[in-house]
Amino acid sequence: MHKTVLDILNMKKEKKKISVITSYDYTLASLCDKSGIDVLLVGDSAGMVMLGYENTIPVTMDQMCMFTEAVSRARENSLLVSDLPFMSYQASIEDAINNSGRLIKAGADAVKLEGGSIMAETISAIVDVGIPVMGHIGLQPQTTILSQGYKVQGKTKDTAMRLIEDAKELEEAGVFSITLEMVSHEVAEIISETVSVPTIGIGSGVNCDGQVLVVQDLLGMYDKIKPKFAKRYMNLSEDIVKSLENYKKDVESGVFPSEKNWFSMDDKELKKLRDQIGS
Ligand code: KIV
């Protein structure tokens, strides 16, 4: 049985840190799940790292459902949370509920959406139909980037107060956890002490209840943006390019494929064939 929202809520009570990693495809999701990471997040960052968009704005519900289905086929142990993409929940509560339902039918256990108090009513409505919601405040890539670019949030007293209020309102609206993206670590700590639901930080310091990273950043596979907050555990892109260069050389020199990699006919059948075609 895979982890549930209740397990994640209990981890905060038991003071156990929560690990979250993004996943978008079957192969990598299988490895993430096998590693024992608590939550697989099908983030709309898929738009950038899987589809090559400049940002997350163009991501569609159909794309998020496809990524969610692939990850759900791989997942055995972790909780699976999927992002509602830009404009799939902002225009109306009806959109928000219908699109959350689509992600659940695609295999997600919960959905994540960006926004503070302005999203409280929408979150309550989704939670009321039985779909668990993860909130997301601080840097909100679907909207903040358009007006401010990638900027740390909560660096002044007033912006910090706004974030703390947002977190409280999300908790009241019924979220089971809150992502804090690029929030100054002092404010992230205050929010984590203030709300009873787990906070999941990305670029928000060590005192959040859990951490999330984009899997391509962790594995060193995405070189277009290298955020300060992302820790690279390996440089997979270098290894991949080296391996591909070696493959190309082997193809060109005839070293690949070798006998180990091909299939043979029965000798007698080959002789009969040669006799028939006269070679
Ligand atoms: O889309 C995403 O990957 C996210 C995480 C970075 C939190 O929202």
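Computed from a predicted model, the values in this text were never measured in an experiment. Remember, it's 1-based here, ligands and their atoms both numbered in the order they're listed.
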Charged N to carboxylate O under 4.0 angstrom, Lys271 versus Asp275? yes

Gln276 atom CD: more than 12 heavy-atom contacts under 6.0 Å: no

Across all chains, not counting sequence neighbours, the side-chain contact (heavy atoms from CB on, under 4.5 Å) partners of Asp38 are Lys3, Ile8, Met11, Ile18, Ser19

Inspect the contact between Asp158 and Arg162 and indicate whether a charged nitrogen and a carboxylate oxygen are less than 4.0 angstrom apart. no

Quick note on ligand 1: atoms under 4.0 Å from a heavy atom of Leu41 include exactly 4 (C), 5 (C), 7 (C)

Task: Polar side chain donor-acceptor pair, Ser117 to Glu165, under 3.5 angstrom - done: no

Under 4.0 Å between heavy atoms, the region of Thr22 that gets near ligand 1 turns out to be side chain

Note: ligand 1 atoms sitting under 4.0 Å from heavy atoms of Asp83 are 1 (O), 2 (C), 8 (O)

Numbered in order shown, the ligand 1 atoms found under 4.0 Å of a heavy atom of Gly43 are 1 (O), 2 (C), 3 (O)

With side chains defined as the heavy atoms from C-beta onward, is the minimum distance between Val59 and Tyr53 less than 4.5 Å? yes

For Ile202, the atoms of ligand 1 under 4.0 Å from one of its heavy atoms are 6 (C)

Looking only at non-hydrogen atoms, the one of Ser45, Gly138, Gly47, Pro141 nearest atom 3 (O) of ligand 1 is Ser45

For Lys112, the atoms of ligand 1 under 4.0 Å from one of its heavy atoms are 4 (C), 8 (O)

With heavy atoms and a 4.0 Å threshold, my read on which part of Ile200 contacts ligand 1 is neither

Taking only non-hydrogen atoms of His136 and a 4.0 Å limit, the atoms of ligand 1 in range are 8 (O)

Sidechain N-carboxylate O distance under 4.0 Å for Lys13, Asp209
no

